[in-house]
Amino acid sequence: MVLPIKVSEESREPIYHQIETQIQALIVGGQLQPGTPLPSIRVLASNLSCSVITTRRAYHNLENSGFIKTVQGKGTFVREIDTILKEEAKNKVLYDALQKAIEHGIQVGCTKDEIMTIFEEVMKNHFNKN
């Protein structure tokens, strides 16, 4: 299985965290259902052109957070997650994405009002077309 994950070496966010948050988003968003097998650490590392240590850390963090489980000799699988954890993760994914967008806006010199105007425009455009 090839996961729709993209990592950026230019990002200030560590690659393991990029992998972790994207897999978490796929699980919370329902694209990866409970029981779905994930690629091995080595295969994922190869697909993303990163180190095995990096993917191992992402999987380790996801397992500690309750999103995936590893069965010795069988592989790594998406876990069934409870509603509260799913809601918390969903909110965190959105919060982090908005946080990054605001940081980018500030970096290019946008004011708070300009950021709010653009945010409202994006929301309006998105929800009017759906």
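Scope of the values below: all heavy atoms of this structure, side chains included, with no hydrogens, waters or symmetry mates.
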Report the distance from atom OG1 of Thr21 to atom OH of Tyr16, rounding to the nearest 0.5 Å. 10.5 Å
Worked verdict on Glu121 versus Lys124 for salt bridge (Lys or Arg N to Asp or Glu O under 4.0 Å): CA-CA 5 Å; Glu121 182 179 318; Lys124 179 181 167 190; over 6 Å; no
Kindly compute the distance separating NZ (Lys112) from CD1 (Ile102), expressed to the nearest 0.5 Å. 10.0 Å
Straight-line distance of Arg79 CZ to Leu85 CG, nearest 0.5 Å: 10.0 Å
Donor-acceptor side-chain pairing of Ser8 and Gln18 below 3.5 angstrom: no
Please report the shortest heavy-atom distance between Cys110 and Ile115, naming the atom on each side. CB-CG1, 3.7 Å
For Leu48 and Val7 the tightest heavy-atom approach is O-CG2, 4.0 Å
Using 4.0 Å as the upper bound for N to carboxylate O, is an ion pair formed by Asp96 and Lys100? no
Nearest 0.5 Å please: distance from the OG1 atom of Thr111 over to the CE atom of Met116. 11.0 Å
When rounded to the nearest 0.5 angstrom, what is the spacing between SG in Cys50 and CZ in Arg57? 13.0 Å
Take Ile23 and Tyr59 through the side chain to side chain contact (heavy atoms under 4.5 Å, CB included) test and state the conclusion after the steps. CA-CA 9 Å; Ile23 291 175; Tyr59 273 24; 3.8 Å; yes
Roughly how far apart are Thr54 OG1 and Arg56 CZ, rounded to 0.5 Å? 10.0 Å
Verify, without hydrogens or angle tests, whether Ser46 (side chain) and Arg42 (backbone) share a donor-acceptor contact under 3.5 angstrom. no
I'd like to know if Phe127 and Leu94 are part of one continuous hydrophobic network [Ile/Leu/Val/Met/Phe/Trp/Tyr, side-chain heavy atoms within less than 4.5 Å]. yes
Check for me, please, whether Val52 and Leu62 land in the same ILVMFWY cluster - side-chain distances under 4.5 Å, paths through other members count. yes
Side chain to side chain contact (heavy atoms under 4.5 Å, CB included) for Ile81 and Phe67? Distances and angles first, verdict last. CA-CA 7 Å; Ile81 57 174; Phe67 288 94; 3.8 Å; yes
Check step by step if side chain to side chain contact (heavy atoms under 4.5 Å, CB included) holds for Asp113 and Ile118. CA-CA 9 Å; Asp113 289 338; Ile118 292 168; over 6 Å; no
Any side-chain heavy atom of Thr70 sitting closer than 4.5 Å to one from Glu63? yes
Tell me whether His60 at atom NE2 has more than 12 heavy atoms from other residues, nucleotides or ligands lying less than 6.0 Å away. no
Would you say Thr55 and Ile19 make side-chain contact, with heavy atoms under 4.5 Å? yes
Verdict with supporting geometry, Leu38 and Leu44, side chain to side chain contact (heavy atoms under 4.5 Å, CB included): CA-CA 9 Å; Leu38 296 176; Leu44 184 59; over 6 Å; no
Does Met123 reach the side chain of Glu120, with side-chain heavy atoms less than 4.5 Å apart? no
Got Phe77 and Val71 here, is their nearest side-chain heavy-atom distance under 4.5 Å? yes
Do any side-chain atoms of residues 24-37 form donor-acceptor pairs under 3.5 angstrom with protein atoms, and if so which ones, sequence neighbours left out?
from: Gln33; atom 1: NE2; to: Gly30; atom 2: O; distance (Å): 2.6
from: Thr36; atom 1: OG1; to: Gln33; atom 2: N; distance (Å): 3.3
from: Thr36; atom 1: OG1; to: Gln33; atom 2: O; distance (Å): 2.6

Would you say Gln99 has more than 12 foreign heavy atoms packed within less than 6.0 Å of its CD? yes
